[in-house]
Amino acid sequence: PAIPEGATPQSDNPLDRWILARLNQVVARVTDAFTNSDAYSATLAFESLMDDLSNWYVRRSRRRFWKSEHDSDKDTAYATLWHVLVKMSRALAPVIPFITDVMYQNLVRGVFENAYESVHHTDWPDVDQAAIDEKLIYEMDLARRLASLGLSARGDAGIKVRQPLSKMLAYVSEGQAELSDELVEIVADELNIKAFEFIATADDLVSYKLLPNNKLLGPKFGADFPALRAALAALDPAEVVAKVEAGEPVTCSLQLATGEETVTLTSEEIIVTTEAAEGLAVAADKLVTVAIETTLTAELKAEGLAREIVRRVQAQRKSADFNIEDRITTWYTSAGSLEDVFRAWGEYIQAETLTTELIPGDPPTEAFIETHTIEGEQVTIGMKQN
């Protein structure tokens, strides 16, 4: 019988190369865990891989899977996903024997007559060391962290992802602040931003305010507590923040009536508050600080409206019970800024909604018609299958 998934697929797409690297990295860890009778560590490794596969690889590859043309990129996406599922099912077989065999029957036995009869008849999967690109794994992890923080900053600012923004800035306190152009493009698309760059310091993104922890230090310093507050305020906030984040002690000098006194505070005894610079929305974790520019130009607003129109048309297609691949003719009637958006962004709206002809004016009575309110303006949209 044939080995089910064959050799590791070759691809120029960073998403493919990353998920294949993660697959082989996890198979190596799981092999070691099972060798040492540590099923718990093996399941944790699989849990992480499943999150990577479903919440990043598949989601970020949806356009590749669903585009109409059968080019090499689409074929490679399907080949990569199939390979990952088959190899993962073989490695998961000792933990979830029945589900993995159902997967194997669907993915392998249903396609290849000369394949093994069951996943449990196959050999343990080999680790392709050449596919484990540690640099790519690190950079993709950083890209996901940046995207997550960027979405958090958007949410805090109350700006929907459909609204394009001009720029995102990122500061990395530990590790390499580096992404390939392809990964920068993925982050920019995920966050719907026009530009992205790393900066050398977070000082331009946020300002810090240092306060003594009243609960811990109030009883300890008593009447000298105001002097402690003043001593903290006199320190360089950036230096103190770096020490607090590293868990290092902070030394400051108190000006007391009896003279100067030097005290040492732990990181738990200092409260750091942050405030975003004007025009920015900021989110941070222990290693990365991300800021997005929140100022909206007329051009950005128009593009955001175009994306909202696309969302409404797609929802209307679903309500009309059209197939996902159906080409349609679309009519619209609107006024004000929406009329300008339809004219300026017509090609984009057509491409995203499989509209072959976008016609201004009242739709015919046989069309599927709905009226929408977008940013306080009404638009009537009618559509018909070609």
task = Could you tell me whether R109 atom CZ has more than 12 heavy atoms of other residues or ligands within 6.0 Å of it?
result = yes

query = Mind checking what makes side-chain hydrogen bond (donor to acceptor under 3.5 Å, both in side chains) contact with S337, not counting sequence neighbours?
reply = E377

Any pair counted as ring pair (Phe, Tyr, Trp, His ring centres under 6.0 Å), so long as it reaches residues 20-41, sequence neighbours left out = F34-W124

key: Ion pair check, E299 and K194, cut-off under 4.0 Å   = no

note = CG of D128 to NE2 of H83, rounded to nearest 0.5 Å, is 7.5 Å

ask   = Looking at T8 and A131, what are the two nearest heavy atoms and their distance?
value = CG2-CB, 4.3 Å

query = Would D340 and R343 count as a salt bridge (charged side-chain N to carboxylate O under 4.0 Å, His left out) if you check the C-alpha gap in whole Å, the side-chain angles of each, and the deciding distance to 0.1 Å?
reply = CA-CA 5 Å; D340 296 334; R343 284 199 299 267; 2.4 Å; yes

Validation: residues 232-246 side-chain donor-acceptor distances under 3.5 Å, sequence neighbours left out:
| from | atom 1 | to | atom 2 | distance (Å) |
| --- | --- | --- | --- | --- |
| D236 | OD1 | A238 | N | 3.0 |

task = Not counting sequence neighbours, which residues clear side-chain hydrogen bond (donor to acceptor under 3.5 Å, both in side chains) with T273? List them please.
result = none

request  = Considering only NZ, NE, NH1 and NH2 on the basic side and carboxylate oxygens on the acidic side, decide whether R317 and D326 come within less than 4.0 Å.
outcome  = no

note = CZ (R17) and CD1 (I132) are apart, to the nearest 0.5 Å, by 14.5 Å

message = So for atom CD, which belongs to E113, do other residues, nucleotides or ligands contribute more than 12 heavy atoms lying within a distance under 6.0 Å?
response = no

message = Tell me whether D16 is salt-bridged to R64, with the criterion being a basic N under 4.0 Å from an acidic carboxylate O.
response = yes

ask   = Can you name the closest pair of heavy atoms from A223 and P226 and give their distance?
value = O-CD, 3.3 Å

key: Over all atoms of both residues, closest heavy-atom pair of L107 and W82   = O-NE1, 2.9 Å

Enumerate, atom names and distances included, each donor-acceptor pair closer than 3.5 Å involving a side-chain atom of residues 345-354, sequence neighbours excluded.
| from | atom 1 | to | atom 2 | distance (Å) |
| --- | --- | --- | --- | --- |
| Q350 | NE2 | T355 | O | 3.2 |
| Q350 | NE2 | T356 | O | 3.3 |
| E352 | OE1 | R63 | NH2 | 3.0 |
| T353 | OG1 | I349 | O | 2.6 |
| T353 | OG1 | T355 | OG1 | 2.8 |

query = Under 4.5 Å between any side-chain heavy atoms of Y57 and D52, yes or no?
reply = no

ask   = Is there any ring pair (Phe, Tyr, Trp, His ring centres under 6.0 Å) pair reaching into residues 286-336, and which pairs are they, with sequence neighbours excluded?
value = Y332-F342

request  = Any pair with a residue in residues 247-293 that passes ring pair (Phe, Tyr, Trp, His ring centres under 6.0 Å), sequence neighbours left out, goes on the list, sorted by first then second residue, please.
outcome  = none

request  = Apply side-chain contact (heavy atoms from CB on, under 4.5 Å) to Q316 and list each qualifying residue two or more places apart in sequence or on a separate chain.
outcome  = F368, E370, H372, I381, M383

inquiry  = What verdict does the side-chain contact (heavy atoms from CB on, under 4.5 Å) test give for V263 and C252, after you've listed the backbone C-alpha separation in whole Å, the side-chain angles of each residue and the deciding distance to 0.1 Å?
reply    = CA-CA 6 Å; V263 298; C252 59; 3.6 Å; yes

query = Is the shortest side-chain N to carboxylate O distance from K74 to D71 below 4.0 Å?
reply = no

Shortest non-hydrogen separation from K301 to Q163 and the atoms involved = N-NE2, 3.8 Å

request  = Check whether any side-chain heavy atom of S48 sits under 4.5 Å from a side-chain heavy atom of V26, and report yes or no.
outcome  = no

inquiry  = Quick check: closest heavy atoms across D224 and L254, and the distance to 0.1 Å?
reply    = O-CD2, 4.3 Å

query = Any chance CD of E248 has more than 12 other-residue heavy atoms, nucleotides or ligands included, within less than 6.0 Å?
reply = yes

note = All heavy atoms of T100 vs all of I96, minimum pair found to be OG1-O, 2.7 Å

ask   = So, do R22 and M140 sit near enough that their side-chain heavy atoms are less than 4.5 Å apart?
value = no

Listing, residues 164-172 side-chain donor-acceptor contacts under 3.5 Å, not counting sequence neighbours, or none:
| from | atom 1 | to | atom 2 | distance (Å) |
| --- | --- | --- | --- | --- |
| S166 | OG | E293 | OE1 | 3.0 |
| K167 | NZ | E197 | OE1 | 2.7 |

V313 vs I309 side-chain heavy atoms within contact, under 4.5 Å = yes

ask   = Does the side chain of N24 come within less than 4.5 Å of D126's, by heavy atoms?
value = no

ask   = side-chain contact (heavy atoms from CB on, under 4.5 Å) with D156: which residues, sequence neighbours excluded?
value = S152

Identify all side-chain donor-acceptor contacts of residues 274-287 below 3.5 Å with residues at least two apart in sequence or on another chain.
| from | atom 1 | to | atom 2 | distance (Å) |
| --- | --- | --- | --- | --- |
| D285 | OD1 | L287 | N | 2.9 |
| D285 | OD1 | V288 | N | 2.7 |
| D285 | OD2 | R145 | NH1 | 2.8 |

Q314/R311 under side chain to side chain donor-acceptor pair (under 3.5 Å): CA gap, chis, key distance, verdict = CA-CA 5 Å; Q314 300 287 42; R311 187 183 76 84; over 6 Å; no

ask   = Can you name the ring-ring contact (aromatic ring centres under 6.0 Å, His included) partners of F196, sequence neighbours left out?
value = F198

